[in-house]
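Remember, predicted model here, so these are calculated numbers, not experimental data. Chain letters run A, B, ... following the sequence lines, proteins first, then strands; residues in each count from 1.
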There are 2 protein chains.
Amino acid sequence: MNKNIYMHIYNDYSAQIQSGSLSAGQKLPSENELAEAYGTSRETVRKALHMLSENGYIHKIKGKGSFVLDTQRMSFPVSGLVTFKEVSERLGRSVRTIVYENECVPSTAEIARCLQLKDLGPVWKVVRAREIEGEKIILDKDYFLTTYVPSLSIEAATNSIYEYLEQKLHLPISYAKKEISVEEVTPEDKQLLDLHDYQHIVVVRNYVYLVDTTLFQYTESRHRLDKFQFVDFARRVQN
Amino acid sequence: MNKNIYMHIYNDYSAQIQSGSLSAGQKLPSENELAEAYGTSRETVRKALHMLSENGYIHKIKGKGSFVLDTQRMSFPVSGLVTFKEVSERLGRSVRTIVYENECVPSTAEIARCLQLKDLGPVWKVVRAREIEGEKIILDKDYFLTTYVPSLSIEAATNSIYEYLEQKLHLPISYAKKEISVEEVTPEDKQLLDLHDYQHIVVVRNYVYLVDTTLFQYTESRHRLDKFQFVDFARRVQN
DNA sequence: GAGTGGTCTAGACCACCCC
DNA sequence: GGGTGGTCTAGACCACTCT
């Protein structure tokens, strides 16, 4: 199951902290104790603890130990590379996805620029609305290079596209760049979402890269103002 | 100057990549070559390369090498724990800070909640507007525990509070939690900023912690809609 | 097969914290 | 002084890429 020892340790503790069986302020065993407990070396334990620290689960204090952080973070979408499906499941909300469009289209000049295409070749386009507790709040517009995603079934689009890409197509997704801004609503937004009278909308542009650094997906996630929230955890770089 | 070898390597390469003397796609020396060049071990080199990778500077491919990423990221404030001053200097924009308030006040119920205070003790409050190219666009409201920040000079508030906290008070700032949302403008926003007719404003709530995990600062950064941008870089967790 | 990055080891010394 | 985390070493074996 867990090929790597450090991943095993990381998974053990992140699960315990998320589930609440380890609560804020509690002290973890020392690195030497963990190394012995897992039958590994201290550096391997340290790698796991470093990841827990990077992801906001614990905090390490020299001379004292590692401590669980107060972490009811991640209130809503878009932190890290977490998918909408993962987040809504975690929240246990009543969520529905409506697929408006799921087809191969010639790319417009704007999409070609976003995907860094030389010519206006075809792209696979998916347009979906996310309905949360009866209101259509988020509009997701996805564009994929047809080289990697020649087509997508309605089932894949309705469930999780990422699940399909990673588990079926085995695309090695590596990293993403996200840009958040606020823009004026478009007629399309008004038509496809329950926007009330808001004149602006939060736009999250997502550029997704494979491990060979090719850009293969561009996504525009358009959120109704009042329902948008983004949570971020950051560590100050030490000197 | 650089106490740690890995920091030395990290600083060397992050500087070269930021300055553009290493450009996107270029290959770094192999880990073994770097270890020899810096007269250190491979694990130490790997620690530096891991940090470069985490911060979006490079990308590592097993069997091939480490490559510089296309990185004109960080378009505007609020990514990582970077201060306003650091960012505006990097952008080379004409920026001015106006201090409206800089004093010790009793905390309101809301501020006490944000700073997790038991009682309504005093806090040091700073209210500043950020003027960019002639327009007051950002309103920063900072609240500090007086235990750590008994007072602040106008100079510190006008320049960089962080610089003062870290270099003069030697406060060990460790990590922060950031929440971004969009809210309705308040009369205070209208009065202190050049808001045009926008009815909403982007609010970035920032909770800053010291290394001993005490929360010592709460900041509300209120950005005019059209000028707000947030850029984030994220890696997909590998399995 | 040679070169690369990914994981892991079993030590070492240091700086810091607390008693 | 004993325990803690922070840094570093000099090896090892593996999986992967390229040719």
Side-chain angles (χ1 to χ4, degrees), chain A residues 1-11 13 25-54 57-69 170-172 174-175 210-214 235-239, chain B residues 1-11 13 25-54 57-69 170-172 174-175 210-214 235-239:
Chain A
M1 199 97 271
N2 287 295
K3 245 186 13 207
N4 303 329
I5 303 175
Y6 76 89
M7 263 299 174
H8 183 85
I9 303 175
Y10 175 84
N11 289 333
Y13 278 90
Q26 276 195 269
K27 186 172 174 301
L28 265 55
S30 77
E31 296 179 348
N32 284 315
E33 287 168 346
L34 284 172
E36 191 161 359
Y38 282 91
T40 186
S41 69
R42 202 181 134 215
E43 280 292 357
T44 301
V45 169
R46 282 179 57 72
K47 187 163 182 177
L49 294 188
H50 177 74
M51 286 177 63
L52 288 167
S53 158
E54 281 290 301
Y57 287 112
I58 66 167
H59 189 247
K60 310 179 80 179
I61 306 179
K62 191 194 295 195
K64 295 183 76 174
S66 301
F67 301 86
V68 176
L69 279 180
H170 300 295
L171 281 181
S174 170
Y175 63 96
L210 302 177
V211 296
D212 63 0
T213 76
T214 55
R235 279 184 187 287
R236 180 97 182 145
V237 179
Q238 311 299 336
N239 289 314
Chain B
M1 201 98 274
N2 286 294
K3 247 189 9 211
N4 303 329
I5 304 176
Y6 76 89
M7 262 301 175
H8 183 83
I9 304 175
Y10 175 84
N11 288 334
Y13 277 91
Q26 274 194 269
K27 187 174 175 299
L28 265 55
S30 78
E31 295 179 348
N32 285 315
E33 287 168 347
L34 284 171
E36 192 162 359
Y38 282 91
T40 186
S41 68
R42 204 182 131 214
E43 281 292 358
T44 302
V45 169
R46 282 178 57 72
K47 186 161 182 179
L49 294 188
H50 177 73
M51 286 177 62
L52 289 168
S53 158
E54 281 290 302
Y57 287 112
I58 66 168
H59 188 246
K60 310 178 80 178
I61 307 178
K62 190 193 293 193
K64 295 183 76 173
S66 301
F67 301 87
V68 176
L69 279 180
H170 300 293
L171 281 181
S174 172
Y175 62 96
L210 302 177
V211 296
D212 63 0
T213 75
T214 55
R235 281 184 186 284
R236 182 93 179 150
V237 178
Q238 311 299 336
N239 289 313

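Listed by chain and number, the residues in a side-chain contact (heavy atoms from CB on, under 4.5 Å) with Glu43(A) are Ser41(A), Arg46(A) (sequence neighbours excluded).
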Strictly under 4.0 angstrom, non-hydrogen atoms only: write out the protein contact profile of nucleotides 11-19 of chain D, one letter per nucleotide from the 5' end, B, S or -. -B--BBSS-
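Residue Gln26(B) qualifies as enclosed at atom CD: its count of foreign heavy atoms under 6.0 Å is above 12.
Remark: Lys27(B) NZ to Ile61(B) CD1 distance equals 10.5 Å, nearest 0.5 Å. To the nearest 0.5 Å, atom OH of residue Tyr13(A) and atom CG of residue Leu49(A) are 8.5 Å apart. Once rounded to the nearest 0.5 Å, the distance linking NE2 of His59(B) with OG of Ser66(B) reads 9.5 Å.
For the residue pair Leu34(B) and Pro29(B), the shortest heavy atom distance occurs at CD1-O, 3.7 Å.
In the set dG6(C), dC8(D), dG5(D), dG6(C) carries the atom at the smallest distance from any side-chain atom of Lys60(B). Comparing dG6(C), dT9(C), dT7(D) by their closest approach to the side chain of Ser41(A) singles out dT9(C).
For Tyr6(A), a side-chain nitrogen or oxygen approaches OP1 or OP2 of dT7(C) to under 4.0 Å. Look at Ser30(B) and you'll find a side-chain N or O under 4.0 angstrom from OP1 or OP2 of dT4(C). At dG5(D), one or more side-chain N or O atoms of Ser66(A) fall inside 4.0 Å of OP1 or OP2 (strictly under the cut-off).
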